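The basis for the numbers below is simple: all heavy atoms, side chains too, and nothing from hydrogens, waters or symmetry mates. It should be emphasised that the depicted structure is a prediction, and the values quoted were computed from it without experimental measurement. Throughout, numbering of the chain's residues begins at 1 and tracks the sequence.
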Amino acid sequence: MFAINHAATALIFKRRFPAVALVPLLLAVQAMEFAWVLLNYLGLEQTTTAPTVRYIGDVHLAHMPYSHSVLTAAAAAALVWAIGATLGHARIGMVLGLAILSHLILDLLTHNGDIALTPFANSPKYGTFLYGHHPLVAFSVEMAFGLACWRIFRGGKALLAVIVIFNLANLSLFVRAIPGPEDTMAGHPLRLVTVIFVQIVATLTLVGWGARRSLRTRGRAGGAIP
């Protein structure tokens, strides 16, 4: 999934577990992507593109066995849970661990068979190939999921606008006929990585802002704050 909808996932966890602070939840749902950005810059993972990038299927997450493998995500989640338990906050550790795992689950729903089972060589890879084979379906799934997160959280109009605008901003990546900036990324994978990093930071910041605004509005109205 794209950055905005990973960020929106934190809203579900905040609604279900109100005692867990919002900032750690936002960081946890994107922990795998932060690792992916860093490992791409270090050359330990690799992203490639087709000669011309017209839609998301022309971007290839060619090698990311460390940041996005099932085993790595499960190990990271278990480690966070264990640290929380050691510090006397087992419930918070469990929630943050589940937030980390949510990133992997959402990527499996849309990615083009690039999620490795383990970081070891020749490990099988998984994904639904929605991005490559059914990009409009993928866009619909992404938008619907973002809106569901907002609805579950009972967010306000500002938060809704953030989710809708960021999803629509990605539309050219799902529809070949709509021109967009993606072709400038062809042959420049680190430029693509940088753009995604900026999106991650922007969406986490704005979803966090929108969520706090919703909570303040609900508090002034005398409603229950999640």
**Message:** Quick check: F174 with F2 (ring centres under 6.0 Å apart)?
**Reply:** yes
**Asked** How long is the gap from CZ on R151 to CG on L160, to the nearest 0.5 Å?
**Response** 10.5 Å
**Message:** Running the 4.5 Å side-chain criterion over Ile, Leu, Val, Met, Phe, Trp and Tyr, what cluster does I83 land in, apart from itself?
**Reply:** L79, L87
**Message:** Nearest 0.5 angstrom please: L11 CG to R154 CZ, how far?
**Reply:** 13.0 Å
**Student check: side-chain heavy atoms of L104 and I115 closer than 4.5 Å** = yes
**Prompt:** With a 4.5 Å limit on heavy-atom distance, are the side chains of V59 and L192 in contact?
**Reply:** yes
**Request:** Consider only side-chain N and O atoms of E33 and H6, and report whether a donor and an acceptor are under 3.5 Å apart.
**Result:** no
**Prompt:** In terms of side-chain heavy atoms, does N170 have a donor or acceptor partner in Q199 at a distance below 3.5 Å?
**Reply:** yes
**Prompt:** Is there a side-chain contact between I12 and F153, using heavy atoms and a 4.5 Å cut-off?
**Reply:** no
**Message:** For a 4.5 angstrom cut-off between non-hydrogen side-chain atoms, does V175 reach Y55?
**Reply:** no
**Item:** Minimum side-chain heavy-atom gap F145-I163 below 4.5 Å
**Value:** no
**Prompt:** Which value, rounded to the nearest 0.5 Å, describes the distance between D183 atom CG and D58 atom CG?
**Reply:** 8.5 Å
**Any side-chain heavy-atom pair of R212 and S214 under 4.5 Å** = no
